[in-house]
Each structure stands twice: as structure tokens, then as C-alpha cells.
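A short worksheet on the structure shown next.
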Amino acid sequence: MQARREKLARLQELGIDAYPHHFERKHLAHDILTQYEQCDGKEVTIAGRLMALRKMGKAAFAHLEDSSGRIQIYVRKDDIAESEFEAFKLCDIGDIVGVTGTVLKTRTGEITVQAKAFALLTKNLRPIPIVKEKIEGDQKIVYDAFADKEMRYRQRYLDLIVNPEVREVFIKRTKVINSMREYLTGRGFLEVETPILQPLYGGATARPFTTHHNTLDMTLYMRIANELYLKRLIVGGYDGVFEFAKDFRNEGMDRFHNPEFTMMEVYVAYQDYHYMMDLVEEMFGKIAMDVHGSYKITYQGQEIDLSPPWPRVPLLEAIEKETGHDLYGKNLDELRAIADELKISTDPTWGEGKIIDEIFGELVEPKLIQPVFITDHPLSLSPLAKKHRDKPGLVERFEPFIAGKEMGNAFTELNDPIDQRERFMAQVALKERGDDEAQPLDEDFLRALEYGMPPTAGLGVGMDRLIMLMTDQYSIRDVLLYPQMRPEQY
RNA sequence: GAGGGUAUAGCUCAGCUGGUAGAGCAGCGGCCUUUUAAGCCGUUGGUCGAAGGUUCGAUUCCUUCUACCCUCACCA
């Protein structure tokens, strides 16, 4: 760093501005590389960061990387102005430069821009990690990869500078979101925005973050979901609404959980969960096509085929198939005995639904690699879902599973205000028993239902997990630009 | 919350059963006008994550702390 500051001083002595205001870039590296035939011999103007430098006295080769890719430049003393060559001699890897020159192929066949004019655009004062690459046939061998995870997450800008594949992941992230937005908008649904700061949280079972509004002098909660607000909009008369929502949950963190994460929720009037399953498999298929050009993707070495339709398996059938036990209609004692037999440890405070969920989570969920809809969950676990039309004790709900992970949650929405009040009361009872994740009663939401919500299908999709799947990333931190970290100590 | 792992030069990493640190790349100086992990010659560089302890002596052994990673628990 010291050396770079000295270079900066020398540049100033030479009257060279190390931080000019503007540069008229006209071409991108990628375009030159892919359209070499048209570019050969022509003049181009490119700009980017120096990522490799091979100086040879009065000439040098370097690699310049812009947003589109990396291209070699060739700088000869005789080809550019003397002051420009002086500036070039003071350049380091990491500097941002602009080059005007002619496109040619070198003796070794690499497409190169031979500089006729050179400008330093931004002097780098802090050395970037040097990653060396060697191309051997089609194989790119990387030496000394910048891989320190802590540094990559804390200094994401460095990660992005040095690791092009990381840049690619976040481009795909946006593609996934755009593709989904396009799909939902194409269906005629209305994208809306609902409050993040809420006086009452709801719509999911989770502990919220709490904050305080000074002027109103009241507690506000960061939303854990936006479900209840979106359903109020269906009451209001919209046929379909959706939102890409940052939600916040004050819970543990691991490779699938970050305290703030993105959920897409959509609600459609006059539809039920069967419609929503159709929608999910079609929408996920479109996203895979838009991002990969195929229904077949690879996640962590597993081949996954998203071609619709996907199997639809009731949760209890899935358990029976795996364990041989039919849990439908079983009482608490019977369920506990079966759990013991299956060597699933249970907690004495758990109800029937929780035990069933636990058995499913332990024995079935990890095996659901190919896309599947698991349907018809126990009522006690789903306080916002409508009762099943044929199966007492269950609700019309489904969760899509891919690669052993739940990708979302959906139901035929509960629109009976009296039933909804009873479900809320059950939650309140749980809360009083000490379950700090149970949902509070939302009197205004009940009032809205009393005005009448049409039959409605609703869906929530965990976007970060979907993006992990679509970008083949192992950890949620690798699909979040700024994953939550403890403060760095200086 | 429990257990395990990691922390050494700007980056990637060595460093045995205790004797105050080493390589490659980067950097700096020199040579070099088609190189590509450029090359050749020379050279700088470190509070060994932090604080204590044991010891004549600690990067190494012990304790505590901090951060990150992994597994489990909690949780979607």
C-alpha cells in the first residue's frame, strides 16, 4: 500500500490525474471476443480493471476485465504518448484503466487490443488478491484462488472483483426474480408493497425483531411475513396480488437461514390449492428455462428434473410409504408410540401435528430429491389454511420439495372468519403456554374476513432457497450479497 | 444453545516431539517491444487472531476471549 501511495504522488508530479471524472467507453470485452471477425483491425475503446500484468521493459501485456469479461491489451512504448507510457509504468494490478487501440490476434492466437491511447482512470491503493489462471485446453486452472469465506462475505466487493463466478451467481439471482415477476405479471396479478414495520406480526410462526417508533411511542415489529396484508387486498377486490418481500425472523442462522431473507407471496381469488400447484410447477419450469434453458438442473451433484407435472403426494401417504405406518386419525398416545418405534425423539409438550411433522422431517423430507408436492397437512400446524374438503383434521395445504428442501408453502386460504377466530384463539392458547412463536390474534384481519374474502389460493416461495437451487450454491450466504455477519473488529 | 475445526507475509499455504518463522505468487530494484501461472538476477516484507499462564525459552503446551466454517439443536 505504501508503494502505491508513492506511485500516486509520482503521478501527481507528472501532472497525471489518477482519478479523472469521466471516460468515454465504447466497447465491451465480451463483444470484441465474440465478434472478432468484425472487429479485426478496427479501433475500439475499452475500460476496466487490470487483472494481470506482464511487463517487458518497453512493452507489456495485461489483462483488462470489465463487466462482460476479460481481454488482453498490448501496450508498446512507441504506440502511445510518452506521458501515457509514464502513467502505464506506474500502474498496478487492480488499477482501473481505459484503452483505445486496434484489435488483433497475437502470435499465440489471443485476441488482443493493441493500445494507441492509454489512460489511468482510477488508481488502486489497496492490493487485490492475485488469482492466476492457466488455460489448458478447455480447462481453466486457477491458482491461489481467493477463497477465505469470511473475507469474501465481509468484503463482497473484493469477492466480486476477483471471482467472476460469484458475479455470475448474482446475475442469475436477478434473472430468477425477473423471470418470476414476469410470470406473475403475465397472469395479470398486481405487484404491491405492504408494510415492513408492523404493529402486529403474523402470517408465519416465528419470533420477530422488535423496534420502536419514537413519535408514535410504540413498539413495531419487522414483518415475519406479509400474508395477512396481502389477503386484506383480496378482500378489497383485487383478483391477484403478489409481493417480493424482505422478511425478518429473529432466529438461528445456518446454511438455509439468514435473519433477513426474501419471500415471494402471491394470492389469487376464486382459486384453490390445486390451481396453485399447477402454477408452481409451471412457474418453476419457466424459471429453469429462463435461467438454464432446460428443465433439468444440477444441484450439488444431483440431477433434478423440473419438467411439469410433479407428483402430488399427501403427507400421511408419504409417511406411510416410507415407514409402513398410517398415521391418519391416530391419537396422541398412538402417535407417540409410533415415534418411539421409529426412534424419533419427541417432546412431551408436542401435539399430534408436531409429532407427525417431526416424523416427516426426519424420515421422508431428506429423500424428496425430485420435485414433489407434499399435501394435506395436520390442521394444528396450519392456522391460516382452510380445512380439507374431504379429510377431517387436515387442511388443504401443500409444500413443494426439491433436493430434500421445502421450497415454499401454500394453501387454500381460510376465509371463514369464525373458523379463523377459533384458530387464532388456539394460537393464543399456545402462546400463553409459552410457545413464543405462536401467532398473535389480529383483530383487524378478522374484521376484514368478516366483510368477506372470496375463495382464495395463496403461495409463499422462499426466494433465497430457490436461487440456491438455480445457481447450485451450497449455502444461503452464497446467494446473498451481504449475509449477516458479526461486526468486524478493527 | 452443544460439539468439532480454522486463524502464520497483501493472497494461497508449509512450519515434526517447545529453541523468537519459511515457500510460491504479489511488491520493490535491474534486464527485456508478441507475453500469457511471462522469464532471468537481486531484494523488502510478519505484534504467528487477542489476553493470560506453564517454561530458561511458546507460532508450537494449557486457560479465557474474539471471528469465521462445519455438524447437531432451535427454526422454514
Side-chain angles (χ1 to χ4, degrees), chain A residues 1-4 6-7 51-63 70-80 85 90 92-94 104-112 114-115 124-136 140-155 158 161-163 203-207 224-225 247 249-259 261 263 345 347 354 357-358 361-362 365 381 399-401 405-409 435-437 460-466 474-478 483-490:
Chain A
M1 249 178 90
Q2 189 57 38
R4 299 199 182 193
E6 284 164 16
K7 286 182 182 179
M51 297 303 286
L53 201 48
R54 295 178 288 281
K55 291 184 182 176
M56 296 174 297
K58 296 188 181 68
F61 288 92
H63 275 108
R70 185 179 283 209
I71 190 167
Q72 180 168 260
I73 61 170
Y74 179 37
V75 179
R76 298 203 311 172
K77 188 175 192 296
D78 295 345
D79 294 341
I80 63 175
F85 196 72
L90 291 168
D92 294 295
I93 289 173
L104 52 86
K105 253 187 194 167
T106 60
R107 202 160 54 191
T108 52
E110 179 162 355
I111 297 164
T112 299
Q114 182 167 356
N124 161 300
L125 294 180
R126 207 179 266 275
I128 65 171
I130 307 292
V131 178
K132 297 245 175 182
E133 291 174 0
K134 185 172 158 187
I135 313 282
E136 231 166 53
K140 188 165 89 169
I141 306 167
V142 176
Y143 298 85
D144 299 338
F146 174 56
D148 183 302
K149 281 189 180 170
E150 181 172 359
M151 226 186 303
R152 284 184 46 224
Y153 297 148
R154 286 194 195 281
Q155 303 187 59
L158 243 198
I161 289 171
V162 170
N163 294 322
T205 51
R207 275 171 295 176
I224 57 173
D247 290 341
R249 297 187 185 176
N250 206 340
E251 285 161 356
M253 301 160 56
D254 58 32
R255 76 184 183 95
F256 291 104
H257 300 265
N258 194 65
F261 63 100
M263 176 102 91
S345 53
D347 188 292
K354 179 66 186 164
D357 193 44
E358 189 66 19
E362 284 296 315
E365 186 173 325
L381 295 176
E399 296 175 305
F401 281 87
K405 266 290 158 185
E406 173 214 353
M407 288 288 149
N409 188 18
D435 183 347
D436 56 1
E437 286 170 355
V461 176
M463 294 306 294
D464 307 293
R465 290 184 186 175
L466 174 61
Y474 177 76
S475 168
I476 195 170
R477 288 181 284 260
D478 292 315
Q484 194 58 237
M485 304 283 272
R486 284 201 167 83
E488 191 175 4
Q489 310 216 320
Y490 290 96

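Excluded from the calculations below are hydrogen atoms, water molecules and symmetry mates; all remaining heavy atoms, backbone and side chain alike, are included. Convention: sequence-line order gives letters A, B, ...; per-chain numbering from 1.
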Base, sugar-phosphate alone, or nothing: which one does [X] contact when heavy atoms must sit under 4.0 Å apart?
{"X": "A/M263", "answer": "nothing"}
{"X": "A/R486", "answer": "sugar-phosphate"}
{"X": "A/E399", "answer": "base"}
{"X": "A/R152", "answer": "nothing"}
{"X": "A/K58", "answer": "base"}
{"X": "A/A204", "answer": "nothing"}
{"X": "A/A206", "answer": "sugar-phosphate"}
{"X": "A/D254", "answer": "base"}
{"X": "A/D92", "answer": "sugar-phosphate"}
{"X": "A/K105", "answer": "nothing"}
{"X": "A/F256", "answer": "nothing"}
{"X": "A/A145", "answer": "sugar-phosphate"}
{"X": "A/K55", "answer": "base"}

Option from A/E251, A/R465, A/Q484 for which side chain to side chain contact (heavy atoms under 4.5 Å, CB included) with A/H257 holds: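 Answer to the side chain to side chain contact (heavy atoms under 4.5 Å, CB included) test with A/H257 among A/E251, A/R465, A/Q484: A/R465.
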First encountered from the 5' end of RNA chain B, between A/F401 and A/E362: A/E362
First encountered from the 5' end of RNA chain B, between A/I130 and A/E406: A/I130
Nucleotide of [options] approaching [X] most closely (side-chain heavy atoms):
{"X": "A/T106", "options": "B/rA67, B/rU35, B/rC70", "result": "B/rU35"}
{"X": "A/R107", "options": "B/rC68, B/rC74, B/rU35", "result": "B/rU35"}
{"X": "A/K134", "options": "B/rA37, B/rC68, B/rC75", "result": "B/rA37"}
{"X": "A/Y474", "options": "B/rU33, B/rA37, B/rU71", "result": "B/rU71"}
{"X": "A/A59", "options": "B/rC75, B/rA26, B/rU33", "result": "B/rU33"}
{"X": "A/Y143", "options": "B/rU12, B/rA37, B/rG27", "result": "B/rA37"}
{"X": "A/F61", "options": "B/rG27, B/rU34, B/rC68", "result": "B/rU34"}
{"X": "A/Y74", "options": "B/rU34, B/rG27, B/rC69", "result": "B/rU34"}
{"X": "A/E437", "options": "B/rC75, B/rA38, B/rA73", "result": "B/rC75"}
{"X": "A/E150", "options": "B/rC68, B/rU33, B/rU71", "result": "B/rC68"}

Pairwise side-chain contact, A/P127 with A/D92, heavy-atom cut-off 4.5 Å (strictly under): no
OP1 or OP2 of B/rU35 under 4.0 Å from side-chain N/O of A/R54: no
Can you tell me how far [atom1] in [N] sits from the matching atom in [M], rounded to whole Å?
{"N": "B/rA38", "M": "B/rC48", "atom1": "P", "answer": "32 Å"}
{"N": "B/rU66", "M": "B/rU54", "atom1": "C1'", "answer": "23 Å"}
{"N": "B/rA58", "M": "B/rG18", "atom1": "C1'", "answer": "6 Å"}
{"N": "B/rA23", "M": "B/rG46", "atom1": "P", "answer": "14 Å"}

Evaluation steps, side chain to side chain contact (heavy atoms under 4.5 Å, CB included), between A/I128 and A/M51: CA-CA 9 Å; A/I128 65 171; A/M51 297 303 286; 3.9 Å; yes
A/D144 side-chain N/O to A/K132 backbone N/O, donor-acceptor pair under 3.5 Å: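 Checking the backbone N and O of A/K132 against the side chain of A/D144, no donor-acceptor pair under 3.5 Å is found.
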Side-chain (A/R255) to main-chain (A/Y474) donor-acceptor, under 3.5 angstrom: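 Judged by distance alone, yes, a pair lies under 3.5 Å.
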Between B/rC75 (C1') and A/N409 (CG): distance, integer Å: 14 Å
Which nucleotide, if any, forms a Watson-Crick or G-U wobble pair with [N], using both distances under 3.5 Å?
{"N": "B/rA2", "value": "B/rU71"}
{"N": "B/rU35", "value": "none"}
{"N": "B/rC65", "value": "B/rG49"}
{"N": "B/rC13", "value": "B/rG22"}
{"N": "B/rC28", "value": "B/rG42"}
{"N": "B/rU55", "value": "none"}

Cation-pi check, A/R249 onto A/F261 ring (under 6.0 Å, within 45° of axis):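 Pair A/R249/A/F261 does not count as cation-pi.
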Base B/rU35 to side chain A/Q72, donor-acceptor N/O within 3.5 Å cut-off: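 Indeed there is one.
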Polar side chain donor-acceptor pair, A/R4 to A/N124, under 3.5 angstrom: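 A pair is found: one side chain offers a donor N or O, the other an acceptor, under 3.5 Å apart.
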Pairing residues for A/E399 by the side-chain contact (heavy atoms from CB on, under 4.5 Å) criterion, not counting sequence neighbours: A/H377, A/R397, A/F401, A/E406, A/N409
